[in-house]
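Single-structure report; data block below.
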Amino acid sequence: MSVRLEGSRVRRVAVVGGGVAGLMATLELAQLGVPVDVFSVVPVRRSHSVVAQGGVSGARSGASTDVEVKSLFEGTIRGGEDLAHRPHVLGMARAAAGIVDLFDRMGVPFHRTSEGHVDRRRLGGHLEPRAAFAGATTGQHLLYALDEQARRFEVEPLRDARGPRAAGETLVRKLERWDFIALVRDDAGVCVGLIAQDLVSMAVRAFPYDAVILATGGPGGLCGKSAYSTTSSGAAAAAVVRQGAVYANGEFIQSHPTALRAPDKWRVVSDALRGEGARLWVPTAKADARAPHEIPEKERDYFFERASAAYGNLPPADAAARAIFRLCVHEGRGVFDATTQENEHAVYLDLTNLSERHVRTRLGGVEGLEKVAGFDPFASPLKVFPAVSYSMGGLWVDYESDASGGVAETSPRNQATNIPGLYAAGEVEYQFHGASRLGGNALLACAYAGQLAARAVGAYRDAMERSALDLPKSIFDKAQKSGEDAYRELVDRKAEGGENPYVLHDELAEVMQRDCTIERDDAKLDALLGTLAEIGERAQKASSPDSATRLNAGGPLLRRLADMVVLARVITKSARQRAESRGAHFKPASPRRDDAAWLKSTLARWKDGEPEIVSGFEYACAGKTVKATSAVDTGSLAPRATGESDG
Amino acid sequence: MAEPKIVRLVVVRQDAPEKAESRRKEAFEIPREPGMTVHGALERIRKRPVTVDDKTVSPPVWESSCLEGACGACTMLVNGRVAQACTTRVSDVSPKGQPIVLEPLRKFPLERDLVVDRSRMFQSLVHVKAWVALDGTQDRGAGPTESPEAQATRYSLSRCTTCGACLEACPEYRESAAFVGAAAINQARLFNLHPSGAHQATERTEALMGEGGVADCGKAQNCVEVCPQDIPLVDSIGEMSRATTKRLFFGWLLK
């Protein structure tokens, strides 16, 4: 559907990113009657949310609502190692059942009990089943349901009380295959729009918006081979960090414990398989060269079952990832490869004891594993190892709590970044998950944050004195010209002496993967900061191997590469700063959780070309000045003192 | 014969739809790696885009996102057959080292190299009203209950990633023809099966009775063979065909 860009007098807001968070925000904005433009680098139906598998927390169990809310709230807070602000998590726990209901009504094919209600399964880090699920492709169905609803609003003409208001305008418009470049801000630093690039024609345009919601997902591009889609570059978050947005808890990057290593991608094998009874093990004997089915039970080490009866094969993801990493990398007890005579970095994920028929019905999508693995997982165990898959940290966003201990649901402060007019929702921001995310909570948090952001933007917009449309056109013309000039500079760089950006990107990913993921060491992080600064300088001189004026992939990559380096430096600095271990952040040199010194958020900014850690800042929201600090609101649930982070 | 160590890819390229004269084949050779996919091979090429004739060229462009067969982005022709680049193994399509020919889909307007414009597929979703007409996002409690059997049927139909494979393989689907194709027909059936979606079953059925509707299906059954999500497309076409026939004969009784 082509979008009429010139001369529109409709006041709109922008949602950047069309995954679960972005489309839920879009839907909620449409519900409020607020016209929306959705930007996405791919058709929204192909967003990264599509690969989320296991389930979405919030399915009702039949227990009282209070019991369910309390259970999900406490489980999430403890799973996050007490680092999450309680009001936000309580708000999410209260909204969970309603969100599952909403998806149910939209037509998501949730698995059913024999009576016909939405069924539940247990996912990583939970002690009881809480997640509604659709096969092992839950994210796909939630995304499609939202995509379908958004499409309805794309064909509904925009009308007000007097009838059709604006010819050719609809409540929701999608600009797919457009790449966000930067915000447009007025002289007071308020976000009044954005500049973006059409990835087909390569045209750069400035757009006025009353507010912008960033829902662009996680920084997968930084770690290269990971569980992320190619679209999850983190570039949009980095771009706004460059423009002054605070980034929080960047050091908390989650590795999913069980991923299949294929050459181009490490594909997550959902917790759901373990929820259905799959077991993790390695041969007890280090150099056991036998095929897995030849190894009898008593010669297998079911290491997670041995460690905890309560969690069994589903401990919290980060502890699980670390345990597998330690077992393979430090203890050298991974699966033995008879041809190389070495222990691989891999453990067995064994489905062979499960009833294939039962599993296939509850785990639709598992045939995809066969395509990636190249063999039947019911005949032979899969070999898995942790892969970077989620960022708990992200753009700092605010919230306003209410007397009940939850979130004041219509406050313009909810999901607001420190740049007035810029909001963020979903994996791109840092709320809900603290130091470690539970299975099923990503989809839930994305949906809830999308709803909150939309309502907040509605309130923010109502309180606005003037619309972005009323600003002088020169602001947008200037921003557009600067975007066009910047792009011109990228593609005009001379080819000789210019490094290939795809190769440089690989280098960035390799050093981040090696030194800034599962285990961290201060000396290596210091060295990494230097390496990243150097890669940043080389990125300024890299040149695009593509000179085309249409569907040029190299030019946008150069821009994203520079942005990715900024975010990598912010994240590495955050990791260097935190001198304890908690959740996904682990330093063997300081293996214990230290609440006295570190029960606080890490706040990072980009200043004069360098990342810096700050302890607080002020920002303006809807006419009020808000003081933000690194303190964690633990009011309604005191932190539980623990020793080693590994629990 | 020893394991081939090289992959030879021949990419059919064109710079823009209006530049037919720029249509050409370019061949690249890269080292073969275990488990390499077509996507992986293309990634390798763009790191050093030099043809077998030692010519440095702009790297071929193609679409990708999830890299695990779940998003439908990377559909293309591999040795003449429609496939997802990210799940197609080089060892499967070139077991003895034969060149692998990559072409853009032929049923969609070309944009550049291996990228085509598939927006028509999304427009077809509008045509068949592929959504549940929700009252709004206010809390109205759970949706209707559903039996496990009904859920299993709906689930099997709900996996469509809008990849375009079925339309590429279908002899009736053409840029110049109105036929809406298997994917959209399947979506109509999917939403007609949902308890609330069924409220608009008549509208969807009627949408498939006009020009380009289900009657245009020639029963080649290529669609179900190439669907990467194993959706029972032929069943769906059969169901909607019955629904339209019923509506045709008995619809007047309800007016």
Side-chain angles (χ1 to χ4, degrees), chain A residues 1 27-28 31 42-43 45-46 48 50-51 60 98 101-102 104-107 109-118 134-135 137 140-141 144 148-149 151-152 155 200 229-231 262-265 267 361 364-365 367-368 371-372 374 451 500 502-503 506 545-548 550-551 553-554, chain B residues 15-16 33-37 39-40 43 46-49 58-59 61 63-73 86-87 89 111-113 115 119 122-123 125-126 130-134 136-137 139-143 145-148 151-152 154-156 158-159 161-162 191 194 196-197 230:
Chain A
M1 271 144 237
L27 203 61
E28 201 64 31
Q31 176 80 13
V42 289
R45 215 167 155 93
R46 310 200 197 287
H48 180 58
V50 83
V51 307
R60 293 181 208 276
D101 286 344
L102 182 60
D104 177 14
R105 284 168 50 214
M106 287 187 212
F110 285 127
H111 211 270
R112 298 282 167 166
T113 62
S114 47
E115 198 188 303
H117 298 299
V118 171
T137 53
Q140 180 186 34
H141 302 287
Y144 289 0
E148 287 144 17
Q149 295 301 315
R151 188 163 292 103
R152 276 180 76 200
V155 297
V200 179
S229 299
T230 60
T231 52
D264 329 316
K265 170 91 194 262
R267 188 192 185 282
T361 53
E367 63 278 356
K371 282 192 186 142
V372 177
Q451 289 179 332
N500 180 302
Y502 297 102
V503 177
D506 267 6
D546 190 358
S547 52
R550 191 181 169 73
L551 280 162
Chain B
D15 296 342
E33 284 160 21
M36 185 180 244
T37 62
H39 167 88
E43 274 197 327
R46 71 183 175 191
K47 290 176 192 168
R48 188 179 170 270
S58 63
V61 295
E63 291 183 273
S64 69
S65 189
C66 77
L67 307 186
E68 48 182 81
C71 75
C86 69
T87 54
R89 288 171 167 248
E111 292 190 314
R112 182 186 169 202
D113 291 347
V115 180
S119 56
F122 297 103
Q123 284 150 26
L125 295 178
V126 174
W131 53 69
V132 171
L134 213 62
T137 57
D139 186 358
R140 285 172 179 252
T145 55
E146 184 178 38
S147 74
Q151 181 272 345
R154 271 205 312 124
Y155 181 82
S156 70
S158 69
R159 305 293 313 288
T161 62
T162 326
F191 285 93
H194 183 266
S196 309
D230 295 323

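Below, read A as the first sequence line, B as the second, and so on, with proteins coming before strands; counting in each chain starts at 1.
Distance check, rounded to the nearest 0.5 Å: NE2 of A:His111 to CD of B:Glu146 gives 11.0 Å. Atom-to-atom distance recorded for B:Leu134:CG and A:Arg152:CZ is 6.5 Å, nearest 0.5 angstrom. In this structure, CZ in A:Arg550 is found 6.0 Å from CD in B:Glu111, a value given to the nearest 0.5 Å. For the atom pair B:Arg140 CZ and A:Asp104 CG, the distance stands at 14.5 Å (nearest 0.5 Å).
In this structure, no portion of B:Glu33 lies under 4.5 Å from any heavy atom of chain A. With a 4.5 angstrom heavy-atom cutoff, A:Asn500 touches chain B only via side-chain atoms. Contacts between A:Val118 and chain B at a heavy-atom distance below 4.5 Å are absent for every atom of the residue. B:Ala152 does not touch chain A: none of its heavy atoms, backbone or side chain, sits under 4.5 Å away. The part of B:Arg89 that comes within reach of chain A is its side chain, from C-beta onward, which places non-hydrogen atoms under 4.5 angstrom from that chain. Interface residue B:Pro49: only side-chain heavy atoms are found under 4.5 Å from chain A.
Among the candidates B:Arg46, B:Arg154, B:His194, the residue making the largest number of heavy-atom pairs closer than 4.5 Å to chain A is B:Arg46.
Looking only at distances, no side-chain donor or acceptor of B:Arg112 sits under 3.5 Å from a matching main-chain atom of A:Val200.
Remark: aromatic rings of B:Tyr155 and A:His141 are close, center separation under 6.0 Å.
The two residues A:Phe110 and B:Gln151 have their closest heavy-atom pair at O-CG, 3.0 Å.
Using modelled atom types and a 3.5 Å distance limit, the side chains of A:Arg45 and B:Thr162 yield a donor-acceptor pair.
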